[in-house]
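Encoded as structure tokens, the structure appears first; notes follow it.
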Amino acid sequence: NVKSSGRNDYCLFRAEMLEIVHTQQSAERELREAIAERQFELHYQPVVDIKTRELTGVECLVRWRHPTKGMIPPDHFIPLAESTGLIVPLGEWILLQACADAANWPEHVKVAVNISAIQFKKGNLFEIILATLVKTGLQPERLELEITETSLLENQDAHLTTIRQLKNLGLSIALDDFGTGFSSINYLTIFPFDKIKIDKSFTRGILSRADCKAVVASSLALAKGLGIITTVEGIETEDQLDYMRAAGVELAQGYLFGKPVPVSEFGRANAPMLTELVA
Ligand code: C2E
Ligand code: MG
Ligand code: MG
Ligand code: MG
């Protein structure tokens with residue numbers, strides 16, 4: 001009858017909910033332990049001048065070297081790190097390690113670090129970054145922060161203050177995944193970005209799709225009008241590169257130049273662009 005089936009449904013629902021909660025809790029515990037045990041490693045991907053192909057910097061991309069599950073990509077644990085607040089200690093470690101690594105490289109090579117919305121909301125990002133630069137001796141001009149539009153949705157005044165402080169210190173700020181979020185144009189006029197990064201989804205379609213071409217052309221017009229430089233992500237072929245260069249993009253990043261690799265692989269066969277970073 002209806003009543004008992006309703007009750008069974010409720011029990012089933014409750015059991016499923018408990019299972020979800022338990023899975024979530026054990027995932028959180030595992031992530032917490034991974035941070036304590038430093039199971040993360042930083043990989044770096046070259047960013048090049050689109051005309052000369054010279055190395056201008058690298059982007060830092062975190063991976064979780066899980067003791068049994070192998071290498072886990074950031075998309076699979078950053079969301080949990082964000083929802084649990086663990087991105088704050090993890091993000092501090094990433095900044096410290098990336099700046100310490102970059103301090104060993106030639107001075108013209110910049111390092112870009114992705115910063116989560118949660119790190120912004122915490123309110124002490126400026127202090128953390130200042131302390132990190134002091135500790136590692138990295139010049140502020142060599143550090144770039146990559147942020148997404150969603151990071152800036154709330155508390156715009158507070159974020160603007162932080163961004164201004166960081167820029168006064170000498171850092172540069174890039175707007176990541178440009179074109180994938182909301183009200184991009186508005187954000188470009190509110191926040192003093194140094195750079196926009198055109199998302200790789202537009203690169204993927206750039207040779208065949210009119211909508212991708214339109215987004216890239218208008219993004220570039222906007223960036224140039226505002227005096228902002230542009231990096232394009234996800235360049236995998238010479239044809240994509242040729243298109244983006246002709247369109248007026250300044251910097252390029254993608255598998256054509258190199259996949260993200262750990263410092264131990266710099267200069268090896270899969271990372272020839274990073275030879276100059278090896279001491
Ligand atoms: P993102 O910052 O937009 O990074 C670019 C992503 O594109 C990276 O994925 C990179 O490996 C990938 N990629 C680069 N070149 C190519 C290419 O030619 N083709 C293709 N198909 N992909 C390419 P990854 O390393 O898996 O990172 C994914 C996202 O995770 C990043 O997107 C970023 O939002 C986030 N993330 C990575 N590291 C960190 C971090 O240290 N902190 C935070 N908060 N987020 C991070
Ligand atoms: Mg990025
Ligand atoms: Mg991106
Ligand atoms: Mg992305």
Side-chain angles (χ1 to χ4, degrees), residues 31 34-35 38-48 50 57-65 71-99 101-102 110-122 125 128-129 132 143-152 172-181 184 193-206 215 219 230-241 244 249 251-262 265 270-271 273-274:
L31 188 59
I35 295 169
R38 308 225 188 282
Q39 292 171 12
F40 297 90
E41 64 180 55
L42 301 185
H43 288 205
Y44 296 97
Q45 183 179 35
V47 179
V48 306
I50 204 164
V58 295
E59 178 175 4
C60 165
L61 296 152
V62 68
R63 276 97 182 83
W64 179 359
R65 190 182 282 280
M71 199 72 96
I72 304 179
D75 291 337
H76 293 179
F77 64 86
I78 294 284
L80 179 65
E82 290 182 327
S83 66
T84 55
L86 289 170
I87 191 69
V88 172
L90 178 59
E92 280 179 34
W93 177 82
I94 292 167
L95 270 167
L96 185 61
Q97 188 62 49
C99 291
D101 286 340
K110 294 180 83 164
V111 63
V113 177
N114 292 283
I115 300 292
S116 155
I118 310 296
Q119 290 172 276
F120 253 94
K121 281 188 196 135
K122 189 86 194 321
L125 189 63
I128 298 287
I129 285 174
T132 304
L143 178 59
E144 182 161 272
L145 304 184
E146 296 193 3
I147 59 185
T148 59
E149 286 161 337
T150 42
S151 313
L152 305 169
S172 53
I173 313 287
L175 183 58
D176 206 351
D177 301 343
F178 187 74
T180 62
S184 308
F193 296 112
D194 300 282
K195 181 185 283 180
I196 60 173
K197 297 192 75 174
I198 297 177
D199 192 70
K200 59 179 178 290
S201 57
F202 301 108
T203 306
R204 199 174 304 127
I206 197 63
V215 171
S219 302
T230 309
T231 302
V232 63
E233 299 182 330
I235 295 288
E236 296 183 1
T237 70
E238 292 289 344
D239 288 346
Q240 290 170 338
L241 185 70
M244 293 296 186
V249 174
L251 300 170
Q253 191 178 346
Y255 296 167
L256 181 65
F257 303 104
K259 290 189 174 180
V261 292
E265 287 176 37
N270 59 340
M273 290 243 34
L274 301 177

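Atoms within each ligand, like the ligands themselves, are counted from 1 in listed order.
- At a heavy-atom cutoff of 4.0 Å, ligand 1 is contacted by the side chain of R63 but not by its backbone.
- The closest approach of E146 to the Mg ion (ligand 2), by N/O/S atoms, is made by OE1.
- When distances to the Mg ion (ligand 3) are checked against a cut-off of 2.8 Å, D176 contributes an N, O or S atom below that limit.
- The heavy atom nearest to atom 22 (N) of ligand 1, out of those in Y255, F77, F40, is found in Y255.
- Using a distance-only test at 3.5 Å, with no hydrogens or angles considered, a donor-acceptor pair links the side chain of T203 to the main chain of E233.
- The name of the N, O or S atom in E59 nearest to the Mg ion (ligand 2) is OE2.
- Contact detail for Y44 and L274: the closest heavy-atom pair is O-CD1, 3.9 Å.
- For I94, every heavy-atom contact with ligand 1 shorter than 4.0 Å involves the side chain, none the backbone.
- Residue G254 has at least one heavy-atom neighbour below 4.0 Å for each of these atoms of ligand 1: 15 (N), 18 (O).
- For the residues H43, E233, Q45, the heavy atom positioned nearest atom 15 (N) of ligand 1 is part of Q45.
- When non-hydrogen atoms are compared, ligand 1 lies under 4.0 Å from the side chain of K200 (C-beta onward) but not from its backbone.
- Listed by atom number, the atoms of ligand 1 under 4.0 Å from P74 heavy atoms are 24 (P), 25 (O), 26 (O), 27 (O), 28 (C), 30 (O), 36 (N), 37 (C).
- The two residues G91 and Q119 make their nearest non-hydrogen contact at CA-NE2, 3.4 Å.
- Looking at L42 against ligand 1, nothing comes within 4.0 Å, counting heavy atoms.
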**Prompt:** Step by step, would you call F178 with F193 a ring pair (Phe, Tyr, Trp, His ring centres under 6.0 Å)?
**Reply:** CA-CA 12 Å; F178 187 74; F193 296 112; 8.8 Å; no
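- Residue-to-ligand polar distances place V62 within reach of ligand 1: an N/O pair is separated by less than 3.5 Å.
- No N or O atom of Q119 sits closer than 3.5 Å to an N or O atom of ligand 1.
- At a heavy-atom cutoff of 4.0 Å, ligand 1 is contacted by the backbone of I235 but not by its side chain.
- Under 4.0 angstrom from ligand 1, there are no non-hydrogen atoms of Q253.
- With respect to the Mg ion (ligand 3), E233 has OE2 as its nearest N, O or S atom.
- You'll find the side chain of L95 reaches within 4.5 Å of the side chain of I115, heavy atoms only.
- The heavy atom nearest to atom 2 (O) of ligand 1, considering only I147, N114, T180, is found in N114.
- Across every non-hydrogen atom of E146 and A112, the tightest pair is OE2-CB, 3.4 Å.
- Contact annotation for P260 and ligand 1: only side-chain heavy atoms (C-beta onward) come within less than 4.0 Å of the ligand.
- Contacts between E59 and ligand 1 below 4.0 angstrom, taking non-hydrogen atoms only, involve the side chain exclusively.
- Donor-acceptor pairing under 3.5 Å is recorded for the side chains of D199 and S201.
- Nearest to the Mg ion (ligand 3), among the N, O or S atoms that D177 has, is OD1.
- Backbone and side-chain nitrogen or oxygen atoms of E236 are examined, and one is located within less than 3.5 angstrom of a nitrogen or oxygen of ligand 1.
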**Request:** Show the numbers, then the answer: is there a side-chain hydrogen bond (donor to acceptor under 3.5 Å, both in side chains) between E41 and H43?
**Result:** CA-CA 7 Å; E41 64 180 55; H43 288 205; 2.8 Å; yes
